[in-house]
Amino acid sequence: QLAVTIPSLRAMRAAGQKIAMLTCYDASFAALMDRCGVEILLIGDSLGMVCAGYDSTLPVTVADVAYHTASVVRGRKNALVLADLPFGSYGTREQAYDSCATLMRAGAQMIKIEGGAWLAETVRFLVERGIPVCAHIGLTPQFVHQLGGYKVQGKTTEGAEQLKADARALQDAGAAIVLLEAVPAGLGKEVTDMLHVPTIGIGAGPDCSGQVLVMHDLLGVFPGRKARFVKNFMDGQTSIDAAVGAYVAAVKDGSFPAPEHCF
Ligand code: KIV
Ligand code: NA
């Protein structure tokens, strides 16, 4: 098995091979996911909810993400390590750069940032300085109070057009991946067809270049409310290895997400 890189992810998209991504927060799970063939390990700011028990991602700091990133890096071999910029860490492009530098010193190989076309200038600033960026659009949980809850995005014609404009602007600014959260499956396909970089979906339909889930949802251990796009892969399995393996296989063969996981 070879190390996963931005060019290898692009080649996977070109070859029609689906990309499997999971959130990961520690070294033991990093080793397990890596040997199960997960291509990208995301140190999501969801760690604030699933590890720390906050009721949103807003309290998470750069130091929190850096600590978990360093832990994941020590456990993984080949998977690409993607870390989230948490709330309040990218108010200006200079602050974004400093936050990214902290996460990259901890071992992150790519940084994910929540926001649309308004972020394009920041993305370009980061990419020009050697920071690979994954743009996160659609339902962006750091905007929960503005959005009025964790709701499907891009349902209206206007919303769908905005999402497409955001995706295009972020790709043009140099984003290497565009992540789509909680948008109608048809729109997930449209955005994917429109872009040349890989898309990763969570509640964005089966036609994205890859899929991501929060590991606690995959294992059925998160006690909070379950989103429609969540599937417990422990059902019918007798080990965590088997559950993660089943997830990877289902992403690869296109059987996850099924219609019941889509909007
Ligand atoms: O923080 C996270 O886990 C995420 C994924 C849900 C995409 O951003
Ligand atoms: Na996140």
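Computed from a prediction, not measured in an experiment: that's the story for all the values here. Each ligand, and each atom within it, is numbered from 1 in the order the structure gives.
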Query - Residue pair Tyr247 / Gln237, side-chain donor-acceptor N/O under 3.5 Å - result: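 There is no such pair (donor and acceptor under 3.5 Å, judged by atom type) between the side chains of Tyr247 and Gln237.
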
Query raised in the report: Is the closest side-chain donor-acceptor distance between Thr23 and Tyr25 under 3.5 Å?
Result: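 Per modelled atom types, Thr23 and Tyr25 side chains form a pair under 3.5 Å.
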
Should you measure from each heavy atom of [X], which atoms of ligand 1 turn up under 4.0 Å away?
X	result
Ile202	6 (C)
Gly44	1 (O), 2 (C), 3 (O)
Lys112	4 (C), 8 (O)
His136	8 (O)

Query raised in the report: If you measure from each non-hydrogen atom of Asp84 to ligand 1, which part falls under 4.0 Å: side chain, backbone, both or neither?
Result: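 It is the side chain that gets close, since no backbone atom is under 4.0 Å.
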
Any N or O on [X] sitting closer than 3.5 Å to an N or O of ligand 1?
X	value
Tyr25	no
Glu181	no
Thr23	no

Query raised in the report: With the threshold set at 4.0 Å, does a side-chain nitrogen-carboxylate oxygen contact exist between Lys77 and Asp34?
Result: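 Between Asp34 and Lys77 there is no salt bridge, as every charged N stays at least 4.0 Å from the carboxylate O atoms.
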
Query raised in the report: Going through the distances and angles, do Asp172 and Arg168 end up as a salt bridge (charged side-chain N to carboxylate O under 4.0 Å, His left out)?
Result: CA-CA 6 Å; Asp172 290 348; Arg168 208 177 276 117; over 6 Å; no

Query - Lys231 charged N/C atom sitting above Phe233 aromatic ring, 6.0 Å / 45° - result: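 The answer is yes, since Lys231 meets both limits relative to Phe233.
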
